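Because the structure is predicted, anything quoted here is derived from the model rather than measured.
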Amino acid sequence: AYSVPLGGTENIAKALQRGGEKYGMKLQLNAHVDEILTDPNQQHRAVGVRLRNGKIIKAKKAVVSNATPFDTAKLLGKKNRPVQNDVSPHIEKEEHYPKNVQS
């Protein structure tokens, strides 16, 4: 079934903005990100962004992207992009237990 939040989907974004700003988040609109910066000494954790105009914004705690996973991966740069096999979870063989086993 298709449903729309009361007041429209933009209210989801507005609620996230209000909640984030309450805890110190800074939101920058119309900022075209050229690259997500990572720190190889912290397991390639995202530490900031480089804007298209060259300005670097460092993150205190997190970098959040509203782009698709594919577009976000492109912003990481080739050396930091996940390998396709690393993105998909590995499924272990399902174990079957006798029906008379009690938990």
Taking the side chain as everything from C-beta on, heavy atoms only, tell me whether [X] gets closer than 4.5 Å to [Y].
X   : Y   : answer
V47 : T38 : no
R18 : K22 : no
V49 : E35 : no
D34 : L51 : no
I36 : T72 : yes

Heavy-atom pair of closest approach, residues [X] and [Y]:
X   : Y   : value
G48 : V63 : N-CG2, 3.6 Å
R45 : K61 : NH2-O, 2.5 Å
N11 : G7  : ND2-CA, 3.2 Å

Next item on the list: Say whether V64 and L37 are linked into one hydrophobic cluster, either directly or through other cluster members, by side-chain heavy-atom distances under 4.5 angstrom.
Entry: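 No; L37 is not reachable from V64 via cluster members.
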Item checked: N53 atom CG, neighbour heavy-atom count above 12 within 6.0 Å ->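 Result for CG/N53: enclosed.
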Next item on the list: Report the C-alpha separation of L27 and Q17 in whole Å, then their side-chain angles, then the decisive distance to 0.1 Å, and conclude whether the side chain to side chain contact (heavy atoms under 4.5 Å, CB included) test is met.
Entry: CA-CA 7 Å; L27 184 66; Q17 180 180 358; 3.5 Å; yes
